[in-house]
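All chains are named by letter (A, B, ...) in the order of the sequence lines, taking the proteins before the strands, and each is independently numbered beginning at 1. What's counted below: heavy atoms across the whole structure, side chains too, no hydrogens, waters or symmetry copies.
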Protein chains: 2
Amino acid sequence: MPKVEVPRKSIYRLSIYQRSRLKLIENNVETVSSEALASAAGVKSTQLRKDLTYFGQFGTRGLGYNVKALSRVLNDVLGTTSYQPVILVGVGNLGSALLRYKGFNKEGFEITAAFDLAPTRERRTEGARVPVYSANTMADFIRNHQVRMAIIAVPSEAAQNVVNELVEAGVQAILNFSPTVLQVPENVTVNNVDLALELENLSYFIR
Amino acid sequence: MPKVEVPRKSIYRLSIYQRSRLKLIENNVETVSSEALASAAGVKSTQLRKDLTYFGQFGTRGLGYNVKALSRVLNDVLGTTSYQPVILVGVGNLGSALLRYKGFNKEGFEITAAFDLAPTRERRTEGARVPVYSANTMADFIRNHQVRMAIIAVPSEAAQNVVNELVEAGVQAILNFSPTVLQVPENVTVNNVDLALELENLSYFIR
DNA sequence: AATTGTGAATTGATTCACAGCT
DNA sequence: AGCTGTGAATCAATTCACAATT
């Protein structure tokens, strides 16, 4: 599987295809054309086909893609076949919010533990069943449970240090909610979600 | 100001330059080179210069950019000079989380009101001072307060209808947390934040 | 001497156009 | 006949290289 040279955006789209496919499977469709699936996903059919052929040939000319087979391929490529434990670091404002958010579970992820400098803060975790541990137990937890993915929602000043510790302990992929540019070794992937940035960006488009 | 043909990503970067600049102003620097600012922002200096020249010439050759003047330009371009009221639609899981999140305020935005089908749901808004109103008062509120920006965090099935109502009432920019592709007229801008998608995407990069 | 501003070159992503299967 | 797979063409964004300016 050629992990390199595949455009980042293609991989994002694979997830979207998977979701669009979910709707189709409900309708009991056996087979789907690139045209139909692409339009459900909001892209051009050639783009869908090109995205898929980065990973092989899965369709049947004249017919389309077998829905179940396609689903399997997408799961394989995306790595969503095997369960991945995810930890959350920083149970403040946003962090506690994310703990309660059920959208992750819905798509097959589960936050197995959370870490914070002051793990016992009041009212923070009410309603969530995820345990919150002290930050100094984090590295051990990662090693013991072979955690490869982490979500960080700590103050920006703290972010780089946390990331260093995560990487050191073996984390390979980080979803970063702290508004900072993080330095990581090249075998580690960071996806940034910057809420304030998105709002600020929108304000540009209001005239 | 040539709103069109400027790459979307450039505009995102302008916000990052603004932030990086904030750190520099603290250090009382009068002037800053594209090289210094770019490296603080994590980009190449030529990219910064190109990004800026979409909007004019603000530097002095041989010297760099005046920090204060640059800040003013960035605020002007981004539209962050004038205060913008923002509403939130959907006070469920994620929505109530966003209500409590203070990061928006920090960057000069404030959620002035929230709307939900069941505005009185328990414990949802404890700790937040934002009023939650019934969804059927939304359109009036938008018109009365000239709201142009909205954050939506409703279930995906509901998202398109909500968006239609927002647009109809005059909203021009939408930050969408619902995992759906939204249809909007071309004078309306949507930024999507899809948390589950980001996680799924990361799982690709774990080998 | 230092640093911006910018056309030209390059790199990257998307779309086209059509050959190749079923 | 219908639809995939893909090299070639186009479009977009980034980076280079250097002339222009202080």
**Asked** Taking atom P of C:dG5 as reference, at what distance in whole Å does atom CD of B:E35 sit?
**Response** 15 Å
**Message:** Students often get this wrong, so: under 4.0 angstrom with heavy atoms, is B:R13 touching a base, only sugar-phosphate, or nothing?
**Reply:** sugar-phosphate
**Request:** Answer whether the closest heavy-atom distance between the side chains of B:L166 and B:I87 falls below 4.5 Å.
**Result:** yes
**Item:** Most 5' of B:S33 and A:D51 on DNA chain C, judged by nearest nucleotide
**Value:** B:S33
**Sugar-phosphate, base or nothing in reach of B:K9, heavy atoms under 4.0 Å** = sugar-phosphate
**Message:** Using modelled atom types and a 3.5 Å cut-off, is there a donor and acceptor pairing between side-chain atoms of B:Q160 and backbone atoms of B:Q183?
**Reply:** yes
**Prompt:** Can you find a side chain N or O atom of B:T46 that sits less than 4.0 Å from OP1 or OP2 on D:dC16?
**Reply:** no
**Prompt:** Does OP1 or OP2 of C:dA17 have a side-chain N or O of A:R49 closer than 4.0 Å?
**Reply:** no
**Prompt:** Are OP1 or OP2 of C:dT6 and a side-chain N or O of B:Q57 less than 4.0 angstrom apart?
**Reply:** yes
**Prompt:** Is A:K50 side chain donor-acceptor paired with the D:dT6 base, going by distance under 3.5 Å alone?
**Reply:** no
**Asked** Can you check the B:L14 CG to D:dA13 P distance for me, whole Å?
**Response** 14 Å
**Request:** Using atom CD1 of B:I11 as one end and atom C1' of D:dT14 as the other, report the distance to the nearest whole Å.
**Result:** 16 Å
**Prompt:** To the nearest Å, how far apart are B:L70 CG and C:dT4 P?
**Reply:** 11 Å
**Message:** Below the 4.0 Å mark, does D:dG5 have OP1 or OP2 next to a side-chain nitrogen or oxygen of A:Y65?
**Reply:** yes
**Prompt:** Phosphate oxygens OP1/OP2 of D:dC16: is one of them under 4.0 Å from a side-chain N or O of B:Q47?
**Reply:** no
**Asked** Can any side-chain N or O of B:T53 pair as donor or acceptor with the backbone N or O of B:R49 at less than 3.5 Å?
**Response** yes
**Prompt:** Taking side chain as C-beta onward, heavy atoms only, is A:I16 less than 4.5 Å from B:L197?
**Reply:** yes
**Prompt:** Rounded to the Å, how far apart are B:L48 CG and D:dT14 P?
**Reply:** 12 Å
**Item:** Passing candidate, side chain to side chain contact (heavy atoms under 4.5 Å, CB included) with B:L202, options A:V86, A:L175, A:I151, A:I174
**Value:** A:L175
**Request:** Please state how far atom CZ in B:F55 lies from atom C1' in C:dT6, giving the value in whole angstrom units.
**Result:** 16 Å
**Request:** Give the rounded distance in Å between these two atoms: CG of A:N66 and P of C:dC21.
**Result:** 21 Å
**Message:** Is it the case that the base of D:dT21 and the side chain of B:R61 share a donor-acceptor contact (distance under 3.5 Å, atom types as modelled)?
**Reply:** no
**Asked** Want to settle it: does B:F58 or A:T60 sit nearer the 5' end of DNA chain C, counting the closest nucleotide to each?
**Response** B:F58
**Request:** Report the distance from atom NZ of B:K44 to atom P of D:dA17, rounded to the nearest whole Å.
**Result:** 12 Å
